[in-house]
Amino acid sequence: MSAFWLLFVTTVLKVSWAQLDAQRLTLALLDRIHEPLLIPKGERAPITFIMPPEYISDNIAPFASILVNKSSASQAGNQKFQIERNDEVSKLIEEFSSLERTKRFSTFTPSHMNMASTMTKFLMDQKDIKSFFNAAAIFRDNVNPGLFVHSFVVSIYHREDCKSIKLPPLFEIFPEKFIDGPTLMEAKQLALMLGDSNKQTSQLTSTVFDLESNPTASIREPEQKLAYFREDIGINLHHWNWHLIYPFQGPENVVNKDRRGELFYYTHEQILARYEIERMCNNLPRLVRLTDFHAPITEAYFPKLFTQTASKNWTPRPAGVLLKDLDREADQVVMEINELDLWRSRIMEAIDKGRVQKPDGSTLALDEFDGIDVLGKIVEPTEYSINRPYYNNLHNFVHLAIAWVHDPLEIYLEGLAVIGTVETAMRDPVFYRLHGMINHIFQKYKETLAPYAENELKFNGIRLTNALVSTDYITSSNTLYTFWQRRTIDLSRGLDFFPRGPVSVKVVHLDHRNFTYQITAFNDNLLAKKALIRIFFAPKYDASGEELNFNKQRTLFIELDKFDVQLKPGSNTITRRSMESSVTIPFAQSTKSLEYNETAINDPGRCGCGWPHHMLIPKGNTEGYPGVLLVIASNYATDWTPTKVSKNSGDVCQTAASYCGIFNQKYPDKKPMGYPFDRLSTAKTLAEFMTPNMVSQSVKIFHKNVVSGRNSLDDADVIYDESQKYEENLTSV
Ligand code: CUO
């Protein structure tokens with residue numbers, strides 16, 4: 001150890017690990033992820049990690065003393081934590097070195113996922129929180145940042161002793177995956193220009209850039225009409241979070257969760273249904289799913305994203321490219337496009353036969369209870385799937401084949417396109433065609449199941465007679481309203497290597513006015529009954545204006561809410577606010593609010609996984625997009641597994657259960673996901689399908705092409721000025 005380090009380490013303020021605030025450490029480790037931990041992390045009370053010299057990269061080692069001195073001078077009073085050397089971690093770092101720090105990490109790439117699985121298992125196995133953070137800190141500075149963030153976040157989500165930790169919004173860690181390159185560049189330039197003077201005013205002002213002005217394509221590209229959906233930060237975060245909670249590989253209790261295969265089907269099916277409805281609202285033709293892996297991919301996508309560490313643009317894809325066989329040595333991926341056909345035909349054969357092939361030659365029936373789950377785990381797949389060698393890796397390799405179409409043989413040393421990572425894939429129009437192909441497989445299986453019998457749909461003694469929707473400040477019933485919302489998000493934690501200052505970016509996203517459901521229910525029983533209420537929305541008409549046939553319409557129902565309610569004998573009025581939706585989560589709280597506001601940390605609101613609340617309602621159109629709400633009551637006693645929440649569990653981070661399940665517990669809804677619309681029906685119309693415990697209501701969604709503004713980073717969700725009652729004059733349904 002050099003004289004400098006000896007002197008430095010002995011003068012460090014020793015703080016026992018037992019006293020560490022795990023929340024602050026988590027935020028610090030995810031702060032400015034490309035900067036070494038020698039530079040203090042965090043704003044409110046910066047933390048410096050004292051790293052044993054062997055874990056400091058050769059590039060930085062010669063400047064370590066300068067960095068530490070500079071940090072000490074500028075961050076007086078910051079806390080310092082000594083990282084202990086760990087031989088096992090050192091060995092793993094060596095093992096992970098084949099994935100360079102500048103490369104794009106992708107869970108779809110088996111060699112990357114093997115590393116992530118090993119690191120996650122290692123972090124999960126750390127016996128106490130001290131060892132966990134010690135190992136995490138070393139990994140952070142010594143392995144690929146994407147690999148680290150995946151493994152660290154998955155471990156935080158799943159370790160018992162991390163249950164109370166709130167993660168920062170993940171777009172703050174890698175803003176380059178969510179915000180276009182030119183905007184980020186402008187932000188960095190200003191941060192550099194303002195330097196320390198920016199810091200002095202940090203509590204007062206914020207330097208803001210506007211994202212509106214950098215579209216990914218011109219309006220001559222029809223798909224650009226849906227950029228607000230595909231490139232929405234909340235939607236992409238939802239998808240990333242979902243795959244962090246349900247990784248393909250890792251410790252068994254992390255991967256092999258209750259009904260994960262079925263949830264893979266349902267979550268992505270709902271994304272597709274929402275996307276289809278948005279297409280219809282924008283007068284775009286219906287989605288054409290991928291069918292032929294040898295046909296040109298008609299969609300182009302030019303993402304305009306820039307990778308900071310690699311100093312590279314995310315590779316664009318022109319229209320009309322053909323998928324080619326992959327042989328990429330560094331990524332250890334060799335695959336022929338013909339294999340995709342083979343794996344898909346084996347899966348389709350299993351569906352036709354109603355049985356999947358097991359490795360020992362026997363077969364397993366795809367029954368109506370578990371069949372979709374077995375199939376979901378085969379299609380995705382996971383390391384716990386049945387007969388992985390035979391059914392192989394269809395979904396992940398279609399992602400990769402498209403993601404490397406520009407450089408299938410690694411001749412040009414180019415990395416993945418956006419479709420190749422879960423945090424960016426939903427930006428690309430081809431994502432929906434890919435998942436259209438995957439969803440078709442699941443729908444083929446669902447078509448083999450008998451339609452629900454009447455007694456599987458009814459709820460004896462319960463009748464729903466009316467459903468009404470009232471939007472705040474609007475007198476006409478059954479009308480919903482969407483508009484554009486401007487939101488300011490903090491970039492300061494993601495502008496690594498630039499002066500830390502209050503640099504923000506303004507983004508514009510779809511939003512809607514809050515509304516209330518009012519449902520009338522009759523309980524004809526003598527005793528009170530607890531009911532599970534599910535609320536769905538679907539379009540009424542197809543593109544040609546014809547009323548949708550029920551079997552087409554049922555695949556377009558999107559879940560808006562699910563909750564329980566006690567029904568007393570006789571008449572009941574059920575009132576439910578849109579903000580209470582159990583499928584959505586609010587826009588992520590900024591790290592700033594987690595750092596500066598203790599109540600934000602202890603807020604028991606949902607976080608992490610869930611559909612973004614601002615996208616709950618499809619955009620609609622200016623004339624009023626016609627749709628239908630369907631409300632169904634079913635028996636709570638038979639349909640629901642109550643969540644076990646202990647008061648002192650410290651579990652402050654609940655997810656939206658419908659799309660994300662509940663951590664370490666059974667999926668609460670015992671019905672098949674998507675019930676009652678997941679199976680073919682003999683009914684021709686929705687009215688014919690309905691039983692007395694269901695009620696429908698025609699609604700119209702009006703879109704107002706105006707932008708409403710937010711003034712601060714964490715404004716509440718109620719935005720519109722009450723005086724803006726412009727919709728009053730619109731015609732009701
Ligand atoms: Cu979520 Cu293809 O599964 O991206």
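Nothing here was measured: the structure is a model prediction, and the numbers come from that model. Indexing begins at 1, ligand by ligand and atom by atom, following the structure's order.
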So, is the end of the [X] side chain (NZ or CZ) under 6.0 Å from the ring centre of [Y] and within 45° of the ring's axis?
{"X": "R346", "Y": "Y390", "answer": "yes"}
{"X": "K177", "Y": "F171", "answer": "no"}
{"X": "R104", "Y": "W314", "answer": "yes"}

Residue of the set R433, K552, R286 for which salt bridge (Lys or Arg N to Asp or Glu O under 4.0 Å) holds with E276: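 Exactly one pass, corresponding to R286.
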Is it the case that the side chains of H294 and D341 hold a donor-acceptor pair, with the cut-off being a distance below 3.5 Å and no angle test?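 Their side chains do contain a donor-acceptor pair, which is all the 3.5 Å distance test asks for.
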Pairs under 3.5 Å, nitrogen or oxygen of ligand 1 with protein nitrogen or oxygen:
| unit_1 | atom_1 | unit_2 | atom_2 | d |
| --- | --- | --- | --- | --- |
| ligand 1 | 3 (O) | H243 | NE2 | 3.1 |
| ligand 1 | 3 (O) | H268 | NE2 | 2.9 |
| ligand 1 | 3 (O) | H395 | NE2 | 2.8 |
| ligand 1 | 3 (O) | H435 | NE2 | 3.2 |
| ligand 1 | 4 (O) | H239 | NE2 | 2.9 |
| ligand 1 | 4 (O) | H399 | NE2 | 3.2 |
| ligand 1 | 4 (O) | H435 | NE2 | 3.3 |

Can the ring centroids of Y228 and W484 be said to lie less than 6.0 angstrom from one another? yes
